[in-house]
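Position 1 is the first residue of the sequence; numbering continues from there.
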Amino acid sequence: MKLVYFSWVKERIGMAEETIELPGDVKTVADLLAWIPARGENFANALAEPSIIRVAVDQEYATPDTDITKASEIALFPPVTGG
């Protein structure tokens with residue numbers, strides 16, 4: 001699965017994207033947001049406030065209960081503001 005990071009999430013993690021295999025117990029967006037911070041300090045810093053992180057699964061906005069088991073790409077980004 002491909003994880004893509006945008007804006008300050010990308011800056012804090014230190015990479016724009018990666019391809020990983022998720023653990024079997026990571027099945028939803030909420031599971032993913034709970035698992036990522038355990039991967040290291042940079043991930044923990046990026047997801048210190050997981051409730052503000054927006055997620056797209058295969059380029060569609062997702063909710064915490066969205067199933068990610070068959071996803072090919074998941075994007076994480078901070079809230080989008082307009083002007």
Are [X] and [Y] connected in the hydrophobic side-chain network, where two residues link if heavy atoms are under 4.5 Å apart?
X	Y	answer
Phe43	Val9	yes
Val26	Met1	yes
Leu33	Tyr61	no
Ile52	Leu3	yes

Heavy atoms only: give me the nearest Ile53-Ala46 pair and the separation to one decimal.
CD1-O, 3.9 Å
Asp67: which residues meet the side chain to side chain donor-acceptor pair (under 3.5 Å) condition with it, sequence neighbours left out?
Thr69
Looking at residues at least two apart in the chain, or sitting in another chain, which of them share a side-chain contact (heavy atoms from CB on, under 4.5 Å) with [X]?
X	result
Asp58	Ala71, Ser72, Glu73
Pro64	Ala30
Ser7	Pro78
Thr66	Val29, Val57, Ala62, Thr63

Suppose the criterion is salt bridge (charged side-chain N to carboxylate O under 4.0 Å, His left out): which pairs have a residue in residues 22-34, not counting sequence neighbours?
none
Decide yes or no on side-chain contact (heavy atoms from CB on, under 4.5 Å) for Ile36 and Leu76, but give the supporting numbers first.
CA-CA 11 Å; Ile36 287 177; Leu76 287 81; 3.9 Å; yes
Rounded to the nearest 0.5 Å, how far apart are CG of Leu32 and CD1 of Ile74?
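Leu32 CG to Ile74 CD1: 5.0 Å, rounded to 0.5 Å.
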In residues 10-24, what donor-acceptor pairs under 3.5 Å come from side-chain atoms, sequence neighbours left out?
residue, atom, partner, partner atom, Å
Glu18, OE1, Arg39, NH2, 2.9
Glu18, OE2, Tyr5, OH, 2.6
Glu18, OE2, Arg39, NH1, 2.7

